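First up is the structure itself, then whatever we jot down about it.
Just so it is clear, the values below take in all heavy atoms, side chains as well, and ignore hydrogens, waters and symmetry mates. Being a predicted model, the structure only gives us computed values, none of them experimental.
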Amino acid sequence: MAMITHQRRRYWLIQNSVFVVLLISLAGLLGYLAREARVQWDISQNGHNSLSQASVKILEKINGPLNATVYATSKDAQLGNIRKVIHEFLSRYQRVKPDFMVTFIDPAEQPKLTREAGVQVNGEMVVTFNGRSEHLSTFNEQAFTNLLMRLARPSEKLITMLSGHGERKLDGSASHDLGEFGKQLMGKGFKTGTLNLSIAPAVPANTSLLVIASPQIDLQEGEVGKLLAYIGRGGNLLWLIDEGPLHGLQPLAEKLEVTLTPGVVVDPQAQQLKLPITVALGANYGQHPVTHNFDYITMFPFARQIIVNENEVWHSVSLVEAAHRGWVETGKQDSGIVFDKMYDVSGPVSIAATLRRTLQDREQRIAVIGSGNFLANTYLGNGNNLDFGINLVNWLTGDENLIAIQPRATLDSNLVLSESTLIIITGGFLIVLPLVFLASGLIIWWLRGRR
């Protein structure tokens, strides 16, 4: 009997010893993994504490080391520990791009370096890549990722706006102008300018994209000839067309094999969003780089139908279809708008199309949009018009991989833990909890040994 009891004690001793060794080994392994590898999960409602997929893709396009020098004091009277705030912001990018190096310099201790860098405010950052540099003093994802887009853009792209005929202005502040869109383009690394073909001998050779935005008076025959010559040699074009006459640009439509039907697109679904019935809602998109994974609504006020005729010159894609339950209204809009099957064209209606062809081993890209209003200052914030417009310009200039980043709404707040709280939590999980398990095992072993 004594021998059986002794064997039983020996068995329990071995079992508990193995348990203790395994428990200590597990705690040690967890400590090692916590020191060597850092894994995080973003459980915020809108993924606010992690980078968007678009930002990750931009970082992936930057091949080579990226360096940032932050000129910030240790303490700021208003912002507190500004270095910590900036470090936590940039660490999200460093986790995606390990060769993103960040250096902090105190402007008070290194005033000469600060002046030489052209730094103006405390907390300003200078980011360098491939011999180019950009300054930034606003720390949010949109601002910083736009900076990365400017650095990643292989060359400066010039967007030229046709002028001299009452067109919408890319730097204008009027409600019908495209000034806000122009600011977004410049923020993403594009250079903008204007072109009056009544004076200029031709469209400049360094033009990456020519924009024609709703001229209000007729172009002269010579000006149209210069436009056709630009298209003939492979120039890229964004043509924004509103309702009404083409003001001398009919030869351009014929060159592009485009038919522009009269009338305005009517979309009854717009009324469900408390919008005028003359706002065409874009929700169905063609398969195209501009609309790849683009699952958002766009709004095209007073749009017109765009039809690309079958031809062997251009490869075309209907980019946006709208008014599946609507029609093209050919009558007057000042009275009750009602579908007339004798004159109106029932939906769905194509209101945007892209064209491309290969000339001299280079792809020419053209977009014809049946609404100049959708990028106007008044309507740019509606739906996802801005994202659509930026993606469109990126494709037209050959940079479709550099997509737009817009700020995401903050649906919940950050949980910020102090250093002492983190130490308590870490110690609790890695030390206290294993000791509790160890003590429990010893107590069980002791109680069983007394039987």
Exercise for the section: Please tell me if the side chains of Ile212 and Leu237 come closer than 4.5 Å, counting only heavy atoms from C-beta onward. Expected result: yes
Practice task
State whether the number of non-hydrogen atoms from other residues, nucleotides or ligands found under 6.0 Å of Gln220 atom CD is greater than 12.
Solution key: no
Practice task
Kindly check if the number of other-residue, nucleotide or ligand heavy atoms within 6.0 Å of CD (Glu116) is above 12?
Solution key: yes
Practice task
Mind running side chain to side chain donor-acceptor pair (under 3.5 Å) on Asn309 and Thr259 for me, showing each step along the way?
Solution key: CA-CA 7 Å; Asn309 306 319; Thr259 298; 2.9 Å; yes
Exercise for the section: Could you tell me whether the side chain of Arg95 reaches within less than 4.5 Å of the side chain of Phe100, counting heavy atoms only? Expected result: no
Handout entry: Nearest non-hydrogen partners of Val258 and Leu260, listed with the distance
Key = CG1-CD2, 3.6 Å
Practice task
Measure the shortest side-chain to side-chain distance between Asp387 and Ile390 over non-hydrogen atoms and say whether it is less than 4.5 angstrom.
Solution key: no
Practice task
Compute whether any side-chain donor of one residue and acceptor of the other, for Ser318 and Tyr285, lie under 3.5 angstrom apart.
Solution key: no
Handout entry: Side-chain heavy atoms of Ile231 within contact of Leu227, under 4.5 Å
Key = no
Exercise for the section: Would you give the length of the straight line joining atom CG of Leu256 to atom CH2 of Trp314, rounded to the nearest 0.5 angstrom? Expected result: 5.5 Å
Handout entry: Salt-bridge contact Glu167-Lys169 (side-chain N to carboxylate O under 4.0 Å)
Key = no
Problem - Heavy-atom check, side chain of Thr160 versus side chain of Val211, under 4.5 Å - result: no
Exercise for the section: Please check if the side chain of Asn284 supplies one atom and the backbone of Glu321 the other of a donor-acceptor pair under 3.5 Å. Expected result: no
Completion exercise
To the nearest 0.5 Å, atom CG of Asn293 lies from atom CG of Asn391 at 10.5 Å
Practice task
Would you indicate whether the side-chain heavy atoms of Thr298 and Phe300 approach each other to under 4.5 Å?
Solution key: yes
Practice task
Mark yes when over 12 heavy atoms from residues, nucleotides or ligands other than His87 sit less than 6.0 Å from its NE2; otherwise mark no.
Solution key: no
Exercise for the section: State, to 0.1 Å, how close Arg83 and Ala72 come at their nearest heavy-atom pair, and which atoms those are. Expected result: NE-O, 2.9 Å
Practice task
Could you please spell out the steps behind the ring pair (Phe, Tyr, Trp, His ring centres under 6.0 Å) verdict for Phe144 and Phe139?
Solution key: CA-CA 7 Å; Phe144 188 66; Phe139 291 90; 7.6 Å; no
Problem - Reported CD1-to-CG distance for the pair Ile159 and Asn236, which is rounded to 0.5 angstrom - result: 10.5 Å
Problem - Distance in Å, Phe129 CZ paired with Arg132 CZ, rounded so as to fall on 0.5 Å steps - result: 8.5 Å
Practice task
Nearest 0.5 Å please: distance from the CZ atom of Arg365 over to the CH2 atom of Trp395.
Solution key: 5.5 Å
Handout entry: Donor-acceptor side-chain pairing of Thr261 and Gln305 below 3.5 angstrom
Key = yes
Practice task
Determine, stepwise, if the pair Val393 / Lys188 fulfils side-chain contact (heavy atoms from CB on, under 4.5 Å).
Solution key: CA-CA 11 Å; Val393 171; Lys188 289 169 174 58; over 6 Å; no
Fill in the blank from the handout: In this structure, OG1 of Thr192 is separated from NZ of Lys157 (nearest 0.5 Å) by 15.0 Å
Exercise for the section: Would you kindly say whether His324 and Gln269 are connected by a side-chain donor-acceptor distance under 3.5 Å? Expected result: no
Practice task
Of all the heavy-atom pairs spanning Val266 and Pro268, show the shortest one and how long it is.
Solution key: O-CD, 3.7 Å
Handout entry: Residues Asn67, Thr103; criterion side-chain contact (heavy atoms from CB on, under 4.5 Å); working and verdict
Key = CA-CA 8 Å; Asn67 296 281; Thr103 304; over 6 Å; no
Problem - Ile369 side chain reached by Ile351 side chain, heavy atoms, under 4.5 Å - result: no
Handout entry: Salt-bridge present (Lys183, Glu180; N to O < 4.0 Å)
Key = yes
Completion exercise
In Asn377, Asn373, Asp177, the residue satisfying side-chain hydrogen bond (donor to acceptor under 3.5 Å, both in side chains) with Arg168 is Asn373
Handout entry: Pair Arg304 + Glu243: basic N to acidic O under 4.0 Å
Key = no
Exercise for the section: Return yes when atom OH of Tyr296 has more than 12 non-hydrogen atoms of other residues, nucleotides or ligands closer than 6.0 Å, and no otherwise. Expected result: no
Completion exercise
Shortest non-hydrogen pair, His135 vs Leu147, comes out as O-CD1, 3.9 Å
Problem - Side chains of Thr378 and His176, donor plus acceptor under 3.5 Å - result: no
Practice task
For Asp267 and Val279, work out which heavy atoms get closest and say how close.
Solution key: CB-O, 3.5 Å
Exercise for the section: Answer yes or no: is there a side-chain heavy-atom contact under 4.5 Å between Leu195 and Leu210? Expected result: yes
Handout entry: Derivation and outcome, side chain to side chain donor-acceptor pair (under 3.5 Å), residues Asp242 and Ser214
Key = CA-CA 6 Å; Asp242 288 314; Ser214 312; 2.5 Å; yes
Exercise for the section: Please report the shortest heavy-atom distance between Ala376 and Ser175, naming the atom on each side. Expected result: CB-O, 3.6 Å
Handout entry: Worked check of side-chain contact (heavy atoms from CB on, under 4.5 Å) between Thr145 and Tyr93
Key = CA-CA 10 Å; Thr145 306; Tyr93 292 86; 3.1 Å; yes
